[in-house]
K.L.:
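Structure in C-alpha coordinates, see below.
In each ligand, atom 1 is the first atom listed, and ligand 1 is the first ligand listed. Worth saying up front: this structure is predicted, and the values here are computed from it rather than measured.
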Amino acid sequence: MRMNRRRFLQAAAISGAASLVPLYLSRDVFAGYAAKDFNAPLAIPPELKGRTVGGKRVYDMTLQRGSMQFFEGLDTPTAGINGNYLGPVIRARRGESALFNVKNQLGEPSTIHWHGLHLPARMDGGPHQTIAPGQTWRPEFDINQPASTQWYHSHMYHRTGVQVYYGLAGLFYIDDEHSQNMDLPDQYGVNDIPLVIQDRRFKRDGSFHYISGMRDQMLGVLGNDILVNGVVRPKYEVRQKQMRFRILNGSNARSYNLEFSDQREFVQIASDGGLLEKAVRMRQLHVSPGERAEIVVQFENNEDVMLQHKPLPENKRARGMMAMMMSGNDRPFNVMRFTSHDPQGEVVKIPARLATIPVWSVADAAVTRRFDLDMQMMGMGMMGGGGNGGGFSINNKSYELERIDTVVRLNDIEIWEFTNNSPMPHPMHIHDIQFRILDRNGKLPPLNERGLKDTVLVNADETVRVITKFENYADENSPYMYHCHILEHEDRGMMGQFVVKA
Ligand SMILES: [Cu+2]
(Lines give C-alpha, C1' and ligand atoms only; values in the text may rest on other atoms or scores of the structure.)
Protein backbone atom coordinates (compact mmCIF):
# COMPACT_ATOMS: atom_id res chain seq x y z
CA MET A 1 0.00 0.00 0.00
CA ARG A 2 2.62 2.44 1.16
CA MET A 3 4.90 1.29 -1.63
CA ASN A 4 2.18 1.81 -4.20
CA ARG A 5 1.47 5.29 -3.04
CA ARG A 6 5.12 6.20 -3.11
CA ARG A 7 5.48 4.81 -6.59
CA PHE A 8 2.44 6.73 -7.67
CA LEU A 9 3.88 9.94 -6.27
CA GLN A 10 7.13 9.30 -8.08
CA ALA A 11 5.35 8.60 -11.30
CA ALA A 12 3.23 11.68 -10.86
CA ALA A 13 6.25 13.84 -10.22
CA ILE A 14 8.07 12.35 -13.19
CA SER A 15 5.20 12.72 -15.60
CA GLY A 16 4.57 16.25 -14.49
CA ALA A 17 1.12 15.30 -13.25
CA ALA A 18 1.86 16.43 -9.70
CA SER A 19 -1.35 18.41 -9.83
CA LEU A 20 -3.22 15.12 -9.31
CA VAL A 21 -1.81 15.12 -5.80
CA PRO A 22 -2.84 18.00 -3.55
CA LEU A 23 0.76 18.70 -2.66
CA TYR A 24 1.06 22.17 -4.09
CA LEU A 25 -0.76 25.41 -3.59
CA SER A 26 -1.17 26.01 -7.32
CA ARG A 27 -1.51 23.76 -10.29
CA ASP A 28 1.14 24.21 -12.95
CA VAL A 29 1.63 27.53 -14.74
CA PHE A 30 -0.53 26.28 -17.58
CA ALA A 31 -3.60 26.10 -15.34
CA GLY A 32 -4.57 29.31 -17.04
CA TYR A 33 -4.88 32.22 -14.67
CA ALA A 34 -6.96 34.76 -16.52
CA ALA A 35 -6.18 38.45 -16.86
CA LYS A 36 -8.71 39.29 -14.14
CA ASP A 37 -6.68 37.21 -11.65
CA PHE A 38 -3.69 39.52 -12.08
CA ASN A 39 -4.33 42.25 -9.51
CA ALA A 40 -1.42 42.36 -7.08
CA PRO A 41 0.48 45.65 -7.48
CA LEU A 42 3.92 45.08 -8.99
CA ALA A 43 6.66 45.73 -6.41
CA ILE A 44 9.45 48.09 -7.45
CA PRO A 45 12.66 47.14 -5.62
CA PRO A 46 14.42 49.93 -3.69
CA GLU A 47 17.61 51.37 -5.16
CA LEU A 48 20.91 51.09 -3.31
CA LYS A 49 23.05 54.06 -4.31
CA GLY A 50 25.75 53.65 -1.68
CA ARG A 51 27.69 56.44 0.02
CA THR A 52 30.97 58.06 -0.88
CA VAL A 53 33.84 57.34 1.48
CA GLY A 54 37.38 58.38 0.58
CA GLY A 55 36.66 58.56 -3.13
CA LYS A 56 34.93 55.17 -3.19
CA ARG A 57 31.27 54.29 -3.49
CA VAL A 58 30.45 52.04 -0.55
CA TYR A 59 27.46 49.68 -0.47
CA ASP A 60 26.22 47.82 2.58
CA MET A 61 24.51 44.51 1.92
CA THR A 62 23.21 41.99 4.42
CA LEU A 63 22.26 38.47 3.42
CA GLN A 64 19.40 37.55 5.69
CA ARG A 65 16.52 35.20 6.22
CA GLY A 66 13.01 36.53 5.94
CA SER A 67 9.37 35.78 5.40
CA MET A 68 6.94 36.82 2.68
CA GLN A 69 3.22 36.51 2.13
CA PHE A 70 3.21 35.73 -1.58
CA PHE A 71 -0.29 34.42 -0.90
CA GLU A 72 -2.50 36.18 1.61
CA GLY A 73 -2.41 34.55 5.03
CA LEU A 74 0.41 32.13 4.15
CA ASP A 75 3.95 32.76 5.32
CA THR A 76 6.76 31.65 3.05
CA PRO A 77 10.23 31.38 4.62
CA THR A 78 12.59 33.26 2.30
CA ALA A 79 16.02 34.85 2.01
CA GLY A 80 17.00 38.26 0.73
CA ILE A 81 19.55 41.05 0.64
CA ASN A 82 18.64 43.99 2.91
CA GLY A 83 15.09 42.66 2.83
CA ASN A 84 12.88 39.61 2.90
CA TYR A 85 13.10 38.44 -0.70
CA LEU A 86 15.53 39.43 -3.47
CA GLY A 87 17.62 42.57 -2.99
CA PRO A 88 17.85 46.24 -3.91
CA VAL A 89 18.84 47.53 -7.35
CA ILE A 90 22.47 48.54 -6.93
CA ARG A 91 23.26 51.72 -8.87
CA ALA A 92 26.88 52.20 -9.88
CA ARG A 93 28.57 54.55 -12.34
CA ARG A 94 31.20 53.74 -14.88
CA GLY A 95 34.54 55.18 -13.78
CA GLU A 96 33.81 54.87 -10.07
CA SER A 97 35.46 52.54 -7.57
CA ALA A 98 33.03 50.40 -5.63
CA LEU A 99 33.42 48.72 -2.25
CA PHE A 100 30.85 46.30 -0.86
CA ASN A 101 30.34 45.22 2.73
CA VAL A 102 28.52 41.92 2.25
CA LYS A 103 27.47 40.64 5.65
CA ASN A 104 26.23 37.05 5.90
CA GLN A 105 23.43 36.70 8.46
CA LEU A 106 21.92 33.59 6.85
CA GLY A 107 23.29 31.08 9.34
CA GLU A 108 24.89 29.12 6.48
CA PRO A 109 27.77 29.82 4.09
CA SER A 110 26.97 31.78 0.96
CA THR A 111 28.52 33.96 -1.75
CA ILE A 112 27.50 36.92 -3.87
CA HIS A 113 28.54 36.75 -7.52
CA TRP A 114 28.38 39.87 -9.70
CA HIS A 115 26.87 38.43 -12.87
CA GLY A 116 27.99 40.25 -16.01
CA LEU A 117 30.60 42.41 -14.31
CA HIS A 118 34.15 42.75 -15.53
CA LEU A 119 36.34 42.45 -12.44
CA PRO A 120 39.29 40.63 -10.84
CA ALA A 121 38.59 36.94 -10.16
CA ARG A 122 39.08 37.34 -6.41
CA MET A 123 36.19 39.83 -6.37
CA ASP A 124 33.91 37.70 -8.55
CA GLY A 125 31.98 36.03 -5.72
CA GLY A 126 32.10 32.52 -7.15
CA PRO A 127 32.37 29.30 -5.12
CA HIS A 128 35.92 30.26 -4.00
CA GLN A 129 34.76 33.44 -2.25
CA THR A 130 32.61 31.82 0.42
CA ILE A 131 31.33 34.10 3.18
CA ALA A 132 31.08 32.14 6.43
CA PRO A 133 28.04 32.74 8.65
CA GLY A 134 28.48 35.96 10.62
CA GLN A 135 31.34 37.16 8.41
CA THR A 136 31.57 40.19 6.14
CA TRP A 137 33.16 39.98 2.69
CA ARG A 138 34.60 43.23 1.32
CA PRO A 139 35.20 43.03 -2.42
CA GLU A 140 36.25 46.19 -4.22
CA PHE A 141 36.66 46.88 -7.89
CA ASP A 142 36.43 49.59 -10.52
CA ILE A 143 33.26 49.89 -12.59
CA ASN A 144 34.81 49.66 -16.01
CA GLN A 145 32.20 48.76 -18.62
CA PRO A 146 29.26 50.35 -20.45
CA ALA A 147 25.86 51.16 -18.95
CA SER A 148 23.94 47.93 -18.58
CA THR A 149 21.57 45.80 -16.54
CA GLN A 150 23.63 43.33 -14.56
CA TRP A 151 22.69 41.30 -11.51
CA TYR A 152 24.05 39.57 -8.44
CA HIS A 153 23.18 36.25 -6.86
CA SER A 154 24.45 33.43 -4.67
CA HIS A 155 27.03 31.17 -6.34
CA MET A 156 27.50 28.82 -3.39
CA TYR A 157 29.13 25.48 -4.14
CA HIS A 158 26.34 22.89 -4.65
CA ARG A 159 23.80 25.33 -3.14
CA THR A 160 23.39 28.02 -5.79
CA GLY A 161 20.04 26.61 -6.89
CA VAL A 162 18.42 26.50 -3.48
CA GLN A 163 19.85 29.83 -2.28
CA VAL A 164 18.71 31.70 -5.37
CA TYR A 165 15.35 29.94 -5.14
CA TYR A 166 14.85 31.34 -1.63
CA GLY A 167 15.64 34.83 -2.88
CA LEU A 168 19.37 35.60 -2.94
CA ALA A 169 19.46 37.70 -6.10
CA GLY A 170 19.11 41.31 -7.18
CA LEU A 171 19.77 43.72 -10.02
CA PHE A 172 22.94 45.77 -10.56
CA TYR A 173 22.59 48.75 -12.89
CA ILE A 174 25.63 50.40 -14.38
CA ASP A 175 25.07 53.97 -15.57
CA ASP A 176 27.26 56.04 -17.84
CA GLU A 177 27.26 59.39 -19.54
CA HIS A 178 26.73 57.98 -23.01
CA SER A 179 23.49 56.19 -22.15
CA GLN A 180 22.23 59.16 -20.11
CA ASN A 181 22.67 61.41 -23.15
CA MET A 182 20.71 59.00 -25.34
CA ASP A 183 17.20 60.31 -24.66
CA LEU A 184 15.94 56.93 -23.46
CA PRO A 185 13.40 56.51 -20.65
CA ASP A 186 15.56 56.49 -17.51
CA GLN A 187 13.50 57.63 -14.53
CA TYR A 188 13.61 54.72 -12.15
CA GLY A 189 10.19 53.60 -11.01
CA VAL A 190 8.49 56.05 -13.40
CA ASN A 191 9.33 55.07 -16.97
CA ASP A 192 12.27 52.74 -16.31
CA ILE A 193 11.02 49.61 -14.55
CA PRO A 194 12.82 46.37 -13.65
CA LEU A 195 11.02 43.08 -14.29
CA VAL A 196 12.67 40.13 -12.56
CA ILE A 197 10.80 37.10 -13.83
CA GLN A 198 10.97 33.90 -11.76
CA ASP A 199 8.90 30.79 -11.28
CA ARG A 200 8.39 29.13 -7.93
CA ARG A 201 6.58 26.10 -6.56
CA PHE A 202 4.74 26.45 -3.27
CA LYS A 203 3.57 23.74 -0.91
CA ARG A 204 0.11 24.06 0.54
CA ASP A 205 1.51 25.61 3.72
CA GLY A 206 3.03 28.40 1.62
CA SER A 207 6.64 27.22 1.84
CA PHE A 208 8.78 26.81 -1.25
CA HIS A 209 9.20 23.30 -2.57
CA TYR A 210 12.63 23.21 -4.13
CA ILE A 211 13.82 19.84 -5.47
CA SER A 212 11.51 16.86 -5.62
CA GLY A 213 13.02 14.01 -7.53
CA MET A 214 14.66 13.17 -10.81
CA ARG A 215 12.56 15.33 -13.04
CA ASP A 216 13.66 18.48 -11.19
CA GLN A 217 17.27 17.40 -11.28
CA MET A 218 17.14 16.80 -14.99
CA LEU A 219 15.01 19.63 -16.34
CA GLY A 220 15.83 21.99 -13.50
CA VAL A 221 13.18 23.10 -11.02
CA LEU A 222 10.14 24.49 -12.82
CA GLY A 223 7.65 26.42 -10.70
CA ASN A 224 3.86 26.40 -10.68
CA ASP A 225 3.55 30.15 -10.23
CA ILE A 226 5.26 33.02 -12.02
CA LEU A 227 6.56 35.89 -9.92
CA VAL A 228 7.66 39.30 -11.17
CA ASN A 229 9.76 41.28 -8.67
CA GLY A 230 8.59 38.78 -6.06
CA VAL A 231 4.86 39.28 -6.74
CA VAL A 232 2.52 36.49 -7.84
CA ARG A 233 0.12 37.47 -10.64
CA PRO A 234 1.13 41.15 -10.71
CA LYS A 235 -0.48 44.13 -12.37
CA TYR A 236 1.47 47.25 -13.25
CA GLU A 237 -0.35 50.48 -13.82
CA VAL A 238 1.51 52.34 -16.54
CA ARG A 239 1.63 56.14 -16.03
CA GLN A 240 3.90 57.08 -18.92
CA LYS A 241 3.27 56.61 -22.63
CA GLN A 242 6.76 55.35 -23.30
CA MET A 243 8.13 52.73 -20.94
CA ARG A 244 11.45 51.00 -20.62
CA PHE A 245 11.40 47.56 -19.02
CA ARG A 246 14.61 45.91 -17.91
CA ILE A 247 13.87 42.21 -17.99
CA LEU A 248 15.93 39.67 -16.08
CA ASN A 249 15.13 36.00 -16.34
CA GLY A 250 15.96 35.21 -12.73
CA SER A 251 14.41 31.74 -12.85
CA ASN A 252 16.42 28.68 -11.93
CA ALA A 253 15.53 26.76 -15.09
CA ARG A 254 12.57 28.12 -17.03
CA SER A 255 12.92 30.04 -20.29
CA TYR A 256 10.31 32.53 -21.45
CA ASN A 257 9.32 33.51 -24.95
CA LEU A 258 7.58 36.78 -24.19
CA GLU A 259 4.87 38.42 -26.23
CA PHE A 260 2.12 40.93 -25.44
CA SER A 261 -1.41 39.59 -25.69
CA ASP A 262 -2.17 42.03 -28.54
CA GLN A 263 1.10 41.09 -30.27
CA ARG A 264 2.18 44.74 -30.21
CA GLU A 265 5.57 45.69 -31.50
CA PHE A 266 8.26 46.79 -29.07
CA VAL A 267 11.90 47.70 -29.38
CA GLN A 268 14.81 45.94 -27.76
CA ILE A 269 17.54 48.45 -26.93
CA ALA A 270 19.95 46.43 -24.80
CA SER A 271 21.14 42.88 -24.17
CA ASP A 272 23.28 41.46 -21.33
CA GLY A 273 26.27 43.74 -21.82
CA GLY A 274 24.47 47.02 -22.54
CA LEU A 275 22.99 48.96 -25.44
CA LEU A 276 22.75 47.25 -28.80
CA GLU A 277 24.33 48.96 -31.79
CA LYS A 278 20.90 49.38 -33.29
CA ALA A 279 17.51 49.03 -31.70
CA VAL A 280 15.61 45.94 -32.86
CA ARG A 281 11.87 45.97 -33.51
CA MET A 282 10.20 42.76 -32.41
CA ARG A 283 7.00 41.14 -31.18
CA GLN A 284 8.54 38.21 -29.31
CA LEU A 285 11.52 38.11 -26.98
CA HIS A 286 13.16 34.91 -25.78
CA VAL A 287 14.99 35.04 -22.43
CA SER A 288 16.68 32.02 -20.90
CA PRO A 289 17.87 31.86 -17.27
CA GLY A 290 20.49 34.53 -16.55
CA GLU A 291 19.81 36.62 -19.66
CA ARG A 292 18.72 40.28 -19.59
CA ALA A 293 16.98 42.39 -22.20
CA GLU A 294 15.86 46.01 -22.10
CA ILE A 295 12.80 46.87 -24.15
CA VAL A 296 10.87 50.08 -24.85
CA VAL A 297 7.10 49.77 -25.17
CA GLN A 298 4.43 52.36 -25.97
CA PHE A 299 1.05 52.58 -24.27
CA GLU A 300 -2.16 54.38 -25.21
CA ASN A 301 -4.93 55.44 -22.88
CA ASN A 302 -7.14 52.78 -21.22
CA GLU A 303 -5.16 49.72 -22.07
CA ASP A 304 -5.34 46.33 -20.41
CA VAL A 305 -2.78 44.00 -21.87
CA MET A 306 -1.01 40.84 -20.72
CA LEU A 307 2.62 39.89 -21.08
CA GLN A 308 2.57 36.21 -21.95
CA HIS A 309 4.81 33.25 -22.53
CA LYS A 310 4.26 31.94 -26.06
CA PRO A 311 6.08 28.64 -26.59
CA LEU A 312 8.35 28.05 -29.52
CA PRO A 313 7.92 24.84 -31.49
CA GLU A 314 9.07 22.14 -29.09
CA ASN A 315 11.36 20.28 -31.44
CA LYS A 316 13.45 23.38 -31.91
CA ARG A 317 14.46 23.27 -28.28
CA ALA A 318 14.62 19.64 -27.24
CA ARG A 319 14.45 16.12 -28.60
CA GLY A 320 13.67 12.51 -27.72
CA MET A 321 12.99 11.58 -24.13
CA MET A 322 13.61 15.13 -23.04
CA ALA A 323 11.02 16.47 -25.42
CA MET A 324 8.58 13.95 -23.97
CA MET A 325 9.38 15.02 -20.44
CA MET A 326 9.06 18.62 -21.43
CA SER A 327 5.85 18.04 -23.28
CA GLY A 328 3.03 19.86 -21.68
CA ASN A 329 5.45 22.73 -21.35
CA ASP A 330 4.42 23.81 -24.80
CA ARG A 331 1.38 25.85 -23.85
CA PRO A 332 1.12 29.60 -23.33
CA PHE A 333 0.63 31.21 -19.94
CA ASN A 334 0.28 34.71 -18.54
CA VAL A 335 3.24 36.40 -16.86
CA MET A 336 1.88 39.81 -15.85
CA ARG A 337 -0.69 42.48 -16.62
CA PHE A 338 -0.33 46.11 -17.68
CA THR A 339 -3.10 48.68 -17.44
CA SER A 340 -2.99 52.36 -18.37
CA HIS A 341 -5.14 55.33 -17.46
CA ASP A 342 -4.26 58.64 -19.05
CA PRO A 343 -0.51 57.98 -19.41
CA GLN A 344 1.70 61.08 -19.49
CA GLY A 345 4.93 62.17 -21.09
CA GLU A 346 6.43 62.34 -24.53
CA VAL A 347 7.08 59.53 -26.92
CA VAL A 348 10.61 60.10 -28.19
CA LYS A 349 12.04 58.44 -31.23
CA ILE A 350 14.56 55.77 -30.31
CA PRO A 351 17.88 56.75 -31.93
CA ALA A 352 18.81 54.59 -34.90
CA ARG A 353 22.28 54.07 -33.54
CA LEU A 354 22.56 53.40 -29.84
CA ALA A 355 26.15 52.43 -29.20
CA THR A 356 29.43 51.36 -30.70
CA ILE A 357 30.52 48.02 -29.41
CA PRO A 358 33.79 46.16 -29.93
CA VAL A 359 34.25 44.00 -32.99
CA TRP A 360 36.71 41.15 -32.46
CA SER A 361 37.88 39.53 -35.64
CA VAL A 362 37.96 35.76 -36.07
CA ALA A 363 41.31 36.18 -37.80
CA ASP A 364 42.73 37.76 -34.63
CA ALA A 365 41.66 34.89 -32.36
CA ALA A 366 44.59 33.15 -30.67
CA VAL A 367 42.64 29.95 -30.15
CA THR A 368 39.29 28.24 -30.60
CA ARG A 369 38.29 26.24 -27.53
CA ARG A 370 35.66 23.54 -27.76
CA PHE A 371 33.21 22.79 -24.97
CA ASP A 372 31.04 19.70 -25.28
CA LEU A 373 27.89 19.79 -23.18
CA ASP A 374 26.48 16.44 -22.09
CA MET A 375 23.85 14.94 -19.84
CA GLN A 376 24.36 11.26 -19.12
CA MET A 377 21.10 9.41 -19.66
CA MET A 378 20.27 5.95 -18.40
CA GLY A 379 17.35 3.57 -18.78
CA MET A 380 13.97 5.22 -18.93
CA GLY A 381 15.31 8.69 -19.35
CA MET A 382 16.69 8.65 -15.84
CA MET A 383 19.87 10.38 -14.97
CA GLY A 384 22.93 8.26 -14.38
CA GLY A 385 25.57 9.19 -11.88
CA GLY A 386 23.73 11.02 -9.18
CA GLY A 387 25.40 12.26 -6.04
CA ASN A 388 27.43 15.38 -6.34
CA GLY A 389 27.89 16.44 -9.87
CA GLY A 390 27.16 13.16 -11.58
CA GLY A 391 25.17 13.39 -14.76
CA PHE A 392 26.14 16.77 -16.16
CA SER A 393 29.44 17.54 -17.81
CA ILE A 394 31.49 19.89 -19.94
CA ASN A 395 34.10 18.04 -22.02
CA ASN A 396 33.16 14.87 -20.11
CA LYS A 397 34.15 16.38 -16.79
CA SER A 398 31.97 17.43 -13.91
CA TYR A 399 32.94 20.51 -11.93
CA GLU A 400 35.69 20.27 -9.35
CA LEU A 401 36.67 23.16 -7.07
CA GLU A 402 40.38 22.40 -7.26
CA ARG A 403 40.72 21.70 -10.99
CA ILE A 404 41.54 24.45 -13.49
CA ASP A 405 40.08 23.46 -16.85
CA THR A 406 41.23 26.31 -19.03
CA VAL A 407 44.13 28.75 -18.98
CA VAL A 408 43.66 31.96 -20.96
CA ARG A 409 46.42 34.44 -21.80
CA LEU A 410 45.75 38.03 -20.81
CA ASN A 411 44.82 40.21 -23.79
CA ASP A 412 44.14 37.26 -26.07
CA ILE A 413 41.09 37.18 -28.29
CA GLU A 414 39.50 33.74 -28.09
CA ILE A 415 36.65 31.86 -29.71
CA TRP A 416 34.68 29.57 -27.44
CA GLU A 417 32.62 26.95 -29.23
CA PHE A 418 29.82 25.27 -27.27
CA THR A 419 28.35 22.07 -28.70
CA ASN A 420 25.23 20.72 -27.06
CA ASN A 421 25.10 16.94 -27.42
CA SER A 422 22.32 16.64 -24.88
CA PRO A 423 18.60 16.60 -25.62
CA MET A 424 17.76 19.90 -23.88
CA PRO A 425 18.91 23.52 -24.16
CA HIS A 426 21.58 24.94 -21.83
CA PRO A 427 22.08 28.70 -21.27
CA MET A 428 25.88 29.00 -21.04
CA HIS A 429 27.37 31.83 -18.99
CA ILE A 430 31.01 32.99 -18.87
CA HIS A 431 32.18 35.09 -15.93
CA ASP A 432 34.25 38.31 -16.19
CA ILE A 433 33.75 39.07 -19.87
CA GLN A 434 31.09 40.08 -22.36
CA PHE A 435 31.22 38.26 -25.68
CA ARG A 436 29.68 38.53 -29.11
CA ILE A 437 27.93 35.56 -30.69
CA LEU A 438 29.60 34.65 -33.98
CA ASP A 439 27.14 32.04 -35.15
CA ARG A 440 24.58 29.37 -34.32
CA ASN A 441 25.20 26.21 -36.34
CA GLY A 442 27.16 28.37 -38.77
CA LYS A 443 24.39 30.96 -39.20
CA LEU A 444 24.44 34.55 -37.96
CA PRO A 445 22.45 34.98 -34.74
CA PRO A 446 19.21 37.00 -34.77
CA LEU A 447 19.60 40.80 -34.69
CA ASN A 448 18.91 41.11 -30.97
CA GLU A 449 21.74 38.65 -30.22
CA ARG A 450 24.38 40.70 -31.99
CA GLY A 451 25.23 42.91 -29.04
CA LEU A 452 27.30 42.17 -25.95
CA LYS A 453 26.27 38.99 -24.12
CA ASP A 454 27.48 36.97 -21.17
CA THR A 455 24.89 34.20 -21.37
CA VAL A 456 23.82 32.37 -24.53
CA LEU A 457 21.27 29.62 -24.95
CA VAL A 458 22.73 26.59 -26.72
CA ASN A 459 19.90 24.47 -28.08
CA ALA A 460 19.92 20.69 -28.43
CA ASP A 461 22.18 19.61 -31.31
CA GLU A 462 23.45 23.14 -31.72
CA THR A 463 26.95 24.57 -31.87
CA VAL A 464 27.29 28.19 -30.84
CA ARG A 465 30.53 30.13 -31.29
CA VAL A 466 31.28 33.25 -29.26
CA ILE A 467 34.26 35.60 -29.39
CA THR A 468 35.77 37.90 -26.78
CA LYS A 469 38.95 39.46 -25.48
CA PHE A 470 40.25 38.75 -21.97
CA GLU A 471 41.47 42.11 -20.73
CA ASN A 472 42.75 43.86 -17.61
CA TYR A 473 42.68 41.21 -14.94
CA ALA A 474 45.11 38.33 -14.61
CA ASP A 475 45.44 36.05 -11.59
CA GLU A 476 46.87 32.55 -11.89
CA ASN A 477 45.50 31.53 -8.52
CA SER A 478 41.87 32.62 -8.75
CA PRO A 479 39.60 31.05 -11.31
CA TYR A 480 36.51 32.40 -13.01
CA MET A 481 33.58 30.07 -13.76
CA TYR A 482 31.80 29.14 -16.96
CA HIS A 483 28.64 27.11 -16.60
CA CYS A 484 25.09 26.32 -17.51
CA HIS A 485 22.73 28.84 -15.89
CA ILE A 486 20.09 26.22 -15.22
CA LEU A 487 21.10 26.26 -11.58
CA GLU A 488 20.31 22.59 -10.97
CA HIS A 489 22.68 21.72 -13.83
CA GLU A 490 25.37 24.04 -12.47
CA ASP A 491 25.05 22.52 -8.98
CA ARG A 492 25.34 19.03 -10.50
CA GLY A 493 28.54 19.66 -12.37
CA MET A 494 27.87 21.52 -15.64
CA MET A 495 30.57 24.06 -14.79
CA GLY A 496 34.25 24.59 -15.42
CA GLN A 497 36.99 27.00 -14.29
CA PHE A 498 39.41 29.21 -16.18
CA VAL A 499 42.25 31.42 -15.05
CA VAL A 500 43.63 34.40 -16.92
CA LYS A 501 47.44 34.35 -16.93
CA ALA A 502 49.60 37.42 -17.52
CU1 LIG B 1 21.99 23.07 -18.43
K.L.:
Cut-off 3.5 Å, side chains only: do Asp405 and Gln497 have a donor facing an acceptor?
P.N.:
no
K.L.:
Would you say the side-chain atoms of His429 and Glu490 include a donor-acceptor pair closer than 3.5 Å?
P.N.:
no
K.L.:
Report, as yes or no, whether the 6.0 Å neighbourhood of atom NZ on Lys501 holds more than 12 heavy atoms from other residues, nucleotides or ligands.
P.N.:
no
K.L.:
Leaving waters out, which protein N, O or S atoms fall under 2.8 Å from the Cu ion (ligand 1)?
P.N.:
His426 ND1, Cys484 SG, His489 ND1
K.L.:
I need the single residue from Arg409, Lys469, Arg369 that forms a side chain to side chain donor-acceptor pair (under 3.5 Å) with Glu414. Which is it?
P.N.:
Arg369
K.L.:
Would you check if there is a donor-acceptor pair between the side chains of Gln64 and Gln105 at a distance under 3.5 Å?
P.N.:
no
K.L.:
For the residue pair Tyr256 / Glu291, report whether a side-chain donor-acceptor contact shorter than 3.5 Å exists.
P.N.:
no
